[in-house]
Student: 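Quick one: the structure is below, and I'll ask about it shortly.
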There are 2 protein chains.
Amino acid sequence: MTSIKDIAQRANVSTATVSYVLNGTGNISEKTRARILQVIEAMNYQPNHIAKSLKLKKTKTIGVVVEDVTSFNSAEIIDGINEYAEDHGFSLLLTNMRVLKRLGNERIDTEHVRQLAPSAIKEILSKKVDGLIYIGIHTRDVTGIIPDNALPTVYTYCYTTNERDFFVNYNDHLAAYEATTYLIRKGHRNIAVISGLFNSNPSRERFNGYYQAIMDNQLVFDPTIIKTGDWEFESGRRFTAELLGADEPPTAILAMNDIMAAGAMSACAEQGVRVPDDISIVGFDDREFSSYLNPKLTTMRLPLHEMGVEAMRSLTDLLSQSGDVEKDKKLQCTLIERNSVAPAKSC
Amino acid sequence: MTSIKDIAQRANVSTATVSYVLNGTGNISEKTRARILQVIEAMNYQPNHIAKSLKLKKTKTIGVVVEDVTSFNSAEIIDGINEYAEDHGFSLLLTNMRVLKRLGNERIDTEHVRQLAPSAIKEILSKKVDGLIYIGIHTRDVTGIIPDNALPTVYTYCYTTNERDFFVNYNDHLAAYEATTYLIRKGHRNIAVISGLFNSNPSRERFNGYYQAIMDNQLVFDPTIIKTGDWEFESGRRFTAELLGADEPPTAILAMNDIMAAGAMSACAEQGVRVPDDISIVGFDDREFSSYLNPKLTTMRLPLHEMGVEAMRSLTDLLSQSGDVEKDKKLQCTLIERNSVAPAKSC
DNA sequence: TTGTATGCGTTATCAT
DNA sequence: ATGATAACGCATACAA
């Protein structure tokens with residue numbers, strides 16, 4: 001309410017002068033500067049960002065478009081964005097497409113998401129944010145969801161086929177490679193995989209990482225212990241039951257997410273198979289609940305927070321045109337060792 | 001970039017006329033109206049919200065101040081806010097105080113939060129949001145965190161001692177009463193409680209609900225099976241181990257959150273006590289992982305989404321001064337029946 | 001060192 | 001039915 005004009009009046013100066021001291025621009029004598037500062041303090045003046053934005057054509061706020069806040073990855077990424085944004089004076093305008101609730105929990109293909117996007121984008125564009133961060137709920141192709149040249153944009157937890165776009169994701173291949181290697185080092189030779197759906201990039205990448213680890217260690221690749229799950233609990237349970245029923249069951253299971261790992265543990269419990277004594281299990285994601293399972297689940301942690309930070313870093317670099325920005329950041333997952341893995345018995 | 005002025009020029013009218021058709025205000029002939037609309041379409045005009053906000057002194061955005069997005073309750077509440085906001089043309093400016101990361105995971109007393117608040121609030125105030133929603137990470141007293149009369153605000157998942165403030169929370173007492181009653185109906189007479197810390201309002205409310213259910217059903221209240229946990233896994237585990245060691249262990253446990261319930265299940269597994277065959281367990285919160293536990297946990301679901309919706313409804317009602325707004329909305333929890341409860345054996 | 005004046009994109013008052 | 005114009009709060013080019 002109290003504006004630059006009010007304080008100019010009280011300090012017997014022009015609005016320009018006030019603006020100068022406020023922004024540290026211009027050349028103001030120490031005397032008047034002090035007087036003005038004092039009045040500002042006294043009147044508890046708060047600059048009006050709206051007016052400033054209008055004038056400067058910069059809002060210092062970035063639009064965060066998230067497919068669903070409710071998805072397990074979103075909050076932590078947002079938190080990372082926040083950390084960096086705060087340090088650099090940016091605010092966050094949050095746009096939540098709510099695809100989970102709107103389209104149902106499963107089978108959200110990108111076509112539907114694409115239908116939801118335009119209104120969200122249009123809305124956010126007229127709010128004049130300086131840039132955009134798009135957060136997917138799955139690492140999948142969202143090409144065309146945001147119109148080209150709409151605004152400086154960085155995509156995280158998803159990707160596009162557009163050469164000019166910016167991304168930050170994590171390294172699926174390496175993560176699976178490391179998880180598998182870890183199991184191998186523990187003496188396991190017979191490592192089953194319960195993968196996600198194979199139309200998903202992460203599933204394929206992780207499988208490749210697994211495969212390479214098997215090859216690099218001169219183990220034999222056994223296709224019969226590779227099971228294609230659907231990311232859900234029940235598939236983890238069912239395929240584990242199958243694996244357990246084999247003549248010579250695997251001594252370890254690599255599940256491509258913690259949910260299927262939980263399903264796997266459930267199947268083991270049902271059949272009286274002890275984890276990790278009889279079979280080792282490692283998950284993927286490091287969901288919060290993985291330390292509430294019994295036993296606590298060993299799993300690959302996704303660098304969600306860091307992804308948020310890096311996404312925001314890329315974006316601010318983009319906005320300040322400071323040199324060239326890395327096009328496709330790939331962060332590393334880290335193995336969280338808990339209690340669901342033991343050395344192979346045959347050792 | 002293309003402004004009202006540009007389209008006025010192209011349509012051979014004044015900016016005023018354009019503004020009139022844009023807002024449906026004024027009296028414009030159908031002919032020019034159509035022409036203008038056409039130009040708007042042709043030039044792909046997007047109104048500039050910033051300019052509009054400056055003129056109207058209304059931004060149609062509300063500030064969401066959240067103690068930590070990362071806390072399990074936040075995302076779903078935000079989602080609810082979003083649902084209502086979207087339907088009413090509001091945007092969300094998200095301010096994340098990040099108390100969990102900043103102050104460490106435990107023992108975040110409100111004093112520290114209070115220190116973090118002022119800068120967050122100041123920031124958001126200068127962005128000129130129309131109103132505020134404050135989301136706590138625990139249902140506790142946050143009086144004074146937001147300066148009086150700063151802006152219309154509604155508090156959710158927390159409360160203040162200020163008579164004039166607005167809240168939306170859930171009914172702890174009733175929830176615990178219902179959970180306990182449910183157990184009693186299943187034939188349980190010996191129902192232990194693992195509560196949260198007793199400096200917390202929800203702990204006390206829930207205990208009172210439990211107690212009243214015991215009384216209303218003419219059962220005897222046994223103080224020795226009331227254990228004061230600290231909301232964490234380990235306390236659930238430890239106290240359950242204690243309970244199990246008694247001469248006549250309880251046949252059911254009511255844990256005041258799902259995490260301690262998971263701890264309880266863990267203790268049972270360690271001692272070879274089967275859930276629900278030997279002992280029934282009900283949790284609180286309906287965290288996502290509760291259906292990944294083995295057995296799947298029966299628990300009280302918190303109405304988080306609805307809290308967000310109702311908070312936003314209160315706020316918009318407040319802003320439009322439409323009649324009087326309910327000061328203190330209390331939503332109901334609902335029991336989610338899964339597999340951790342069975343009828344008492346003695347039945 | 002400081003002040004005057006203009007414009008950012010709108011809305012709305014008052015003319016016409 | 002439509003237009004000219006001031007104002008919203010601020011930054012800045014230019015003048016003094």
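A note on names: the letters A, B, ... follow the listed sequences, proteins ahead of strands, and every chain is numbered from 1.
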Student: D:dG3 phosphate, OP1 or OP2: any side-chain N/O from B:Ser14 under 4.0 angstrom?
Tutor: yes

Student: Ignoring backbone atoms, test whether B:Lys52 places a side-chain nitrogen or oxygen under 4.0 Å from the OP1 or OP2 oxygen of C:dT11.
Tutor: yes

Student: Looking at every strand, decide which applies to B:Asn27 at a 4.0 Å heavy-atom threshold: base, sugar-phosphate, or nothing.
Tutor: base

Student: Could you state the CZ-C1' distance from B:Arg35 to D:dT2, rounded to the nearest angstrom?
Tutor: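 That distance rounds to 11 Å.
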
Student: Under 3.5 Å, is there any donor-acceptor pair linking the side chain of A:Lys55 to the base of C:dG7?
Tutor: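 Such a pair exists between side chain and base.
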
Student: For A:Lys127 and B:Ser91, run side chain to side chain donor-acceptor pair (under 3.5 Å): C-alpha distance rounded to whole Å, both residues' side-chain angles, the deciding distance at 0.1 Å, then the answer.
Tutor: CA-CA 9 Å; A:Lys127 294 277 182 169; B:Ser91 298; 3.1 Å; yes

Student: May I ask you to say what B:Ile28 touches in the nucleic acid, namely base, sugar-phosphate or nothing, with a heavy-atom cut-off under 4.0 Å?
Tutor: sugar-phosphate

Student: Given atom OH of B:Tyr20 and atom C1' of D:dG3, what is their separation to the nearest angstrom?
Tutor: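 For the pair B:Tyr20 OH and D:dG3 C1', the rounded distance is 8 Å.
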
Student: Is the B:Phe167 ring parallel, tilted or perpendicular to the B:Tyr155 ring (thresholds 30°, 60°)?
Tutor: tilted

Student: Which nucleotide, D:dA11, D:dT2, C:dT10, lies nearest any side-chain atom of B:Thr17?
Tutor: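 Closest nucleotide to the B:Thr17 side chain: D:dT2.
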
Student: If I take atom NZ in residue B:Lys128 and atom P in nucleotide C:dT10, what distance separates them, rounded to the nearest angstrom?
Tutor: 21 Å

Student: Determine whether a donor-acceptor pair (one donor, one acceptor, N or O, separation below 3.5 Å) exists between the side chain of A:Tyr45 and the base of D:dG9.
Tutor: no

Student: Regarding A:Leu56, tell me which of base, sugar-phosphate or nothing describes its non-hydrogen contacts under 4.0 Å with the strands shown.
Tutor: sugar-phosphate

Student: Using a heavy-atom cut-off of under 4.0 Å over every strand shown, decide if A:Thr32 touches base, sugar-phosphate, or nothing.
Tutor: sugar-phosphate

Student: Which value, rounded to the nearest 0.5 Å, describes the distance between A:Arg35 atom CZ and A:Arg10 atom CZ?
Tutor: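 Those atoms lie 12.5 Å apart.
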
Student: Relative to the ring of B:Phe72, is the ring of B:Tyr157 parallel (under 30°), tilted (30 to 60°) or perpendicular (over 60°)?
Tutor: perpendicular

Student: Rounded off to whole Å, could you give me the NZ-to-C1' distance for the B:Lys31 and D:dA1 pair?
Tutor: 11 Å

Student: Side chain of A:Ser19: nearest nucleotide among D:dT12, C:dG3, C:dT11?
Tutor: D:dT12

Student: Expressed as a whole number of angstroms, how long is the span from B:Lys60:NZ to C:dT11:P?
Tutor: 14 Å

Student: Output the rounded distance in Å from CE (B:Met1) to P (C:dC8).
Tutor: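 Taking CE of B:Met1 and P of C:dC8, I get 14 Å after rounding.
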
Student: How many Å lie between NZ on A:Lys58 and C1' on D:dC10, as a whole number?
Tutor: 16 Å

Student: Starting from C1' on C:dT10, measure out to NZ on B:Lys5 and report it in whole angstrom.
Tutor: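 Atom NZ in B:Lys5 sits about 11 Å away from atom C1' in C:dT10.
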
Student: Which residue, A:Ala51 or B:Asn12, contacts DNA chain D at a nucleotide closer to its 5' end, judged by nearest heavy atom?
Tutor: B:Asn12

Student: What contact category does B:Asp6 fall into here, base, sugar-phosphate, or nothing, at under 4.0 angstrom with non-hydrogen atoms?
Tutor: nothing

Student: Does any donor atom in the side chain of A:Ser71 or A:Ser74 lie under 3.5 Å from an acceptor atom in the other side chain?
Tutor: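 Side-chain D/A pair, A:Ser71 to A:Ser74: absent.
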
Student: Select one nucleotide: of D:dA11, C:dT11, D:dG3, the one nearest the side-chain heavy atoms of B:Thr15.
Tutor: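 Selected nucleotide (nearest to the side chain): C:dT11.
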
Student: Using only side-chain N and O atoms of A:Lys57, determine if any of them is under 4.0 Å from OP1 or OP2 of C:dG9.
Tutor: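 So the side-chain polar atoms of A:Lys57 do come within 4.0 Å of the phosphate oxygens OP1 or OP2 of C:dG9, strictly under.
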
Student: Check every strand shown and say whether A:Ser29 touches a base, only sugar-phosphate, or nothing at a heavy-atom separation below 4.0 Å.
Tutor: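 The answer is sugar-phosphate, as A:Ser29 gets under 4.0 Å only of primed atoms, P, OP1 or OP2.
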
Student: Could you check whether A:Val18 gets within reach of a base, just the sugar-phosphate, or nothing at all, counting any heavy atom under 4.0 Å?
Tutor: nothing

Student: Report the C-alpha distance between B:Ser314 and B:Lys329 in whole Å, list the side-chain angles of each, state the deciding distance to 0.1 Å, and finish with yes or no for side chain to side chain donor-acceptor pair (under 3.5 Å).
Tutor: CA-CA 9 Å; B:Ser314 286; B:Lys329 291 184 185 169; 3.0 Å; yes

Student: Taking the side chain of B:Asn48 as heavy atoms from C-beta outward, which of C:dG9, D:dG9, C:dA12 is closest to it?
Tutor: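 Side chain of B:Asn48 sits closest to C:dG9.
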
